[in-house]
J.: 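Once you've had a glance at the structure underneath, I'll fire off some questions.
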Amino acid sequence: ELLSMDDAGLFLLLPTACREFQARRIRRHPANDISGQLLQHGVLFNCDLVDFTPVTLRITGTWERPEALNWINTDEPVHLRLSRGEQLIFSGTFDILSLHPDGRRCSFVLQQHQDNFHRFRPKAYRNERKELVPSPNIVFDHPLIGKRVNLKMGDLSGTGFSVEENEGESLLLPGMMIPGVKISFAQGLTLDCLAQVLSRNVTGEKGEERTARCGCAILEMEIRDHVKLLSILHQAADCNAYVSTEVDLDDLWDFFFQTGFIYPGKYAYFQANKKRIKETYARLYNENPHIARHFIYLNRGTILGHLAMVRFYQNSWLIHHHAARKSASVKAGLAVLEQVGQYLNELESFPFAHLRYVFCYYRPDNKFPARVFGGFASQHADQKSCSLDLFAYSHYRPEGEEPPWPEPWALSPSSDFDLTELGRFYRHVSGGLMIDAFDLYPGAAGSSEVNDDYRDLGFHKEIYLYSLRRGGALKAFFLVNRTDAGFNMAELTNCVTVIVIDEETPPELVVLSLRQVSRHYQGDGMPVLTFPHAYVEEKGLPHEKSYLLWTLDMHHSDHFLQYCDGLFKGHAKGR
């Protein structure tokens, strides 16, 4: 019964017996077979999850040592781990709202300490999330309640997505792992992934129905599914940009001829190996193996720009075959390069991508890569994060009878000690990234994992490491790479890399060593890259051209992508 009321409040007369009702803003959801561990400064409490909201939750359990309850400081945060069987679902920090002991049993009501956090290191350069039309749904079995959930996706990128829930019925707890998420597009296309909720932000005015917008990170996804996802996103950004799409090989060859990628000197080699090379490219471009990617700018059925990548070492990808038709001006060449930048930015955080380093070779007099890759390396001026190394390029062809091997020189497979010496030399003369990117360090050198992947996919890849010694002292190192013919059109994946450690090494011993390792190759001539470039010039060794090896540590990709962004915008204004 109302007794009185004013702007400060009201007075009511209540009956003797009353019942209290709480109208919760967010519905509590009962948990289904979820065990947990609550920890605080060395105190451990095994428990079960009773119910939860995305903001608070209730746990209950039995103390093995009742006196440990007195060690819990309710003013300090606690850490909670929730699991279903052996699968960890959640781990996070909470504040204690209330604690209710009952003999050896006790229940806690906890409030999450934070509702936004970073799964990966912050990046200044982030790809734009796309709102697709029609928008896909995410479908999953909620790990805490076992209920099937179907939510409309807000926006999407290659690393994550957002969804919206009604605040009163919201189910997504920041920090929660969501296994078995299906990103469902129209017409039955479904991509599977493991996701984690990273943020929850509530929007709307008081008194109206409010919305909880949750940001989720993609943690794991089958590599082929991820390529499909990025293909959709690149198409949404530019309808002419394609990622690893099927290609008519005749059109591709025509493109390479017209852009000068296959020049007269190379044409004879391609003609002699035409069948094998076409078979290689058919598998690379139409079977979409996980070791290779290609990016194409296609307009009205005509290839205007092209760039490809292959995983060549354990955690390193080679960027190659960058070309564009002159009739397409600079736009197509920039478009595929920008595609690759976005692609690398999306993949850098995923372990399945094996992407720690990217590298490429280019001629110093080639203006476009010199401006993009060389320009950044010069501006960045840090060999430890982006390095440039100059190599002399030549073809070795054994001539005449093989001379006797002189004493006390020896050429034999490299040891870990040799690789340690190689690393010291390279750090001294360059300080760059080649040793790490090429797996030329003890314990990693000659790893067969990448080679096995190539073989399983029907490709050929072998690595051999040799050391030239004089009386036990390392004088030169030989990295022998063998791949299918035409895998790289300049044969830079099918060549010998020579690193001369001692500048006093007689050039005839280097040539004699090349004769020995040339037995791994067939055909007319073996491509050779020699470092340092100065050694070739000082000793008067023949060489046809020079190549710069550009290597980027993807932990510093922000700087490179920002540089490219400014460069591309500058070209766009110039047009």
Side-chain angles (χ1 to χ4, degrees), residues 26-37 48-49 51-57 59 79-94 110 112-120 129 132 135-185 189-202 211-226 228-230 233 346 349-352:
I26 306 175
R27 176 187 169 191
R28 282 192 176 274
H29 303 279
N32 181 18
D33 194 26
I34 302 297
S35 60
Q37 287 185 321
D48 295 305
L49 179 64
D51 51 35
F52 74 97
T53 73
V55 180
T56 62
L57 51 80
I59 59 171
H79 187 79
L80 180 68
R81 299 173 74 249
L82 298 176
S83 306
R84 180 185 293 277
E86 298 296 321
Q87 185 177 41
L88 179 65
I89 295 172
F90 176 87
S91 175
T93 304
F94 288 79
L110 308 174
Q112 192 156 19
H113 201 62
Q114 62 182 119
D115 54 11
N116 288 271
F117 63 94
H118 294 286
R119 174 73 281 170
F120 306 108
R129 287 193 172 186
L132 302 180
S135 177
N137 283 39
I138 65 162
V139 183
F140 60 93
D141 291 326
H142 197 286
L144 298 180
I145 62 177
K147 177 184 175 182
R148 193 74 163 173
V149 178
N150 190 328
L151 295 172
K152 179 63 71 174
M153 188 177 287
D155 51 29
L156 173 67
S157 74
T159 57
F161 54 86
S162 70
V163 293
E164 291 187 351
E165 301 180 282
N166 180 293
E167 185 195 20
E169 297 293 327
S170 55
L171 289 161
L172 298 182
L173 176 69
M176 182 177 69
M177 308 288 282
I178 315 178
V181 173
K182 294 185 180 296
I183 302 175
S184 180
F185 293 85
L189 173 61
T190 300
L191 308 177
D192 296 334
C193 69
L194 167 67
Q196 184 178 27
V197 185
L198 299 187
S199 64
R200 181 177 183 272
N201 297 290
V202 178
T211 298
R213 187 178 182 88
C214 299
C216 302
I218 297 173
L219 300 186
E220 292 178 5
M221 180 179 276
E222 207 278 328
I223 187 67
R224 291 183 184 275
D225 280 355
H226 199 262
K228 293 176 185 176
L229 174 60
L230 293 183
L233 292 171
E346 300 277 25
S349 301
F350 293 118
F352 63 72

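Residue numbers count from 1 along this sequence.
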J.: Is Glu222 atom CD crowded by more than 12 heavy atoms from other residues, nucleotides or ligands, each under 6.0 Å away?
T.: yes

J.: Within this structure, what is the OG-CD1 distance for the pair Ser83 and Ile89, rounded to the nearest 0.5 Å?
T.: 6.5 Å

J.: Decide yes or no for Leu198 and His118: does some side-chain heavy atom of the first lie under 4.5 Å from some side-chain heavy atom of the second?
T.: no

J.: Look up atom CG in Asp51 and atom CG in Leu57, then write down how far apart they are to the nearest 0.5 Å.
T.: 8.5 Å

J.: What distance do Leu191 atom CG and Phe185 atom CZ have between them, rounded to the nearest 0.5 Å?
T.: 5.5 Å

J.: Tell me the closest heavy-atom pair linking Pro54 and Gln112, and the distance in Å.
T.: O-OE1, 3.6 Å

J.: Using modelled atom types only, decide if a donor and an acceptor are shared between the side chain of Thr53 and the backbone of Thr56 within a distance under 3.5 Å.
T.: yes

J.: Taking the side chain from Thr190 and the backbone from Ile183, do they hold a donor-acceptor pair closer than 3.5 Å?
T.: no

J.: Any chance you could measure Leu156, atom CG, to Ile218, atom CD1, to the nearest 0.5 Å?
T.: 6.5 Å

J.: Any donor and acceptor pair, going by atom type alone, linking the side chain of Lys152 with main-chain N or O of Glu164 inside 3.5 Å?
T.: no

J.: Could you walk me through whether Ile26 and Val55 pass the side chain to side chain contact (heavy atoms under 4.5 Å, CB included) test, one step at a time?
T.: CA-CA 9 Å; Ile26 306 175; Val55 180; 3.9 Å; yes

J.: Taking 4.0 angstrom as the limit, do Asp225 and Lys182 come out as a salt bridge?
T.: no

J.: Return the minimal non-hydrogen interatomic distance between Arg213 and Ser162, and the atom names on each side.
T.: NH2-OG, 3.0 Å

J.: Report yes or no: does Ser199 contribute a side-chain atom to a donor-acceptor pair with the main-chain N or O of Gly215 at less than 3.5 Å?
T.: yes

J.: Keeping Arg129 on the side-chain end and Gly158 on the backbone end, is there a donor-acceptor pair under 3.5 Å?
T.: no

J.: How long is the gap from CG on Leu49 to CG on Asp33, to the nearest 0.5 Å?
T.: 10.5 Å

J.: What do you reckon, are the aromatic ring centroids of Phe352 and His226 less than 6.0 Å apart?
T.: yes

J.: Are any side-chain N or O atoms of Ser157 and backbone N or O atoms of Thr159, one a donor and one an acceptor, separated by less than 3.5 Å?
T.: yes

J.: Going from CD on Glu346 to CG on Leu233, what distance comes out if it is rounded to the nearest 0.5 angstrom?
T.: 6.5 Å

J.: Can you tell me which residue pairs pass the ring-ring contact (aromatic ring centres under 6.0 Å, His included) test with a partner in residues 141-166, sequence neighbours excluded?
T.: Phe52-His142

J.: Please evaluate residues Gln196 and Phe90 with respect to the criterion side chain to side chain contact (heavy atoms under 4.5 Å, CB included), reporting the C-alpha separation (whole Å), side-chain torsions for both, the decisive distance (0.1 Å), and the verdict.
T.: CA-CA 9 Å; Gln196 184 178 27; Phe90 176 87; over 6 Å; no

J.: Would you find a donor on one side and an acceptor on the other, under 3.5 Å apart, between the side chain of Ser184 and the backbone of Asn137?
T.: no

J.: Identify the heavy atoms of Val181 and Ala195 that sit nearest to each other, and give their distance.
T.: CG2-CB, 4.1 Å

J.: Dump the intermediate steps for side chain to side chain contact (heavy atoms under 4.5 Å, CB included) on Ile59 and Leu110, then the final yes or no.
T.: CA-CA 8 Å; Ile59 59 171; Leu110 308 174; 4.1 Å; yes

J.: Under 4.5 Å between any side-chain heavy atoms of Glu165 and Cys214, yes or no?
T.: yes

J.: Minimum heavy-atom separation for Pro143 and Arg84, please, with both atom names.
T.: O-NH2, 2.7 Å

J.: Considering only distance and modelled atom types, tabulate donor-acceptor pairs under 3.5 Å from the side chains of residues 169-179, sequence neighbours left out.
T.:
residue	atom	partner	partner atom	Å
Glu169	OE1	Arg27	NH1	3.1
Ser170	OG	Glu167	O	2.9
Ser170	OG	Arg200	NH2	3.1

